[in-house]
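Down below is the structure, laid out as structure tokens.
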Amino acid sequence: MAKKVTTKKPMFGNNRPFSLKTSRKIQKPNLQTVTVNGEKVKMSAREAKRFKKTEEVA
């Protein structure tokens, strides 16, 4: 089981069509399972991309 490393949470809002009938929507973060130092962790795709970039430089 991968540990959850990120602190990101779902965003909430309203769907507002032309008729103005409101319904709730949820936008979940894009969580990916990444191996870091032989350990599987869950982080967002943006964090994983940034982590991979800094890892290549070092």
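- Applying the side chain to side chain contact (heavy atoms under 4.5 Å, CB included) test to Lys40 and every residue at least two apart in sequence or in another chain returns Ala2, Thr33, Thr35.
- If you take CE on Met43 and CD on Gln32, they are separated by 10.5 Å, rounding to the nearest 0.5 Å.
- Side-chain polar atoms of Thr6 and Glu47 form a donor-acceptor pair below 3.5 angstrom.
- The side-chain hydrogen bond (donor to acceptor under 3.5 Å, both in side chains) check on Arg50 picks up nothing, with sequence neighbours excluded.
- Not counting sequence neighbours, the partners of Asn14 by the side-chain hydrogen bond (donor to acceptor under 3.5 Å, both in side chains) test are Arg24.
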Inset, instruction - Walk me through it: do Val34 and Lys52 pass the test side-chain contact (heavy atoms from CB on, under 4.5 Å)? - result: CA-CA 10 Å; Val34 183; Lys52 186 177 177 184; over 6 Å; no
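- The side chain to side chain contact (heavy atoms under 4.5 Å, CB included) test applied to Ile26 returns Pro10, Phe12, Lys28, not counting sequence neighbours.
- Here the CG atom belonging to Asn30 is positioned 10.0 Å from the NZ atom belonging to Lys8, to the nearest 0.5 angstrom.
- Residues passing the side chain to side chain contact (heavy atoms under 4.5 Å, CB included) test with Lys49, sequence neighbours excluded: none.
- Looking at residues two or more places apart in sequence or on another chain, you find a side chain to side chain contact (heavy atoms under 4.5 Å, CB included) between Asn15 and Ser23, Lys25.
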Inset, instruction - Applying side-chain contact (heavy atoms from CB on, under 4.5 Å), run through Lys42 and Val5 and close with a yes or a no. - result: CA-CA 6 Å; Lys42 276 193 173 185; Val5 176; over 6 Å; no
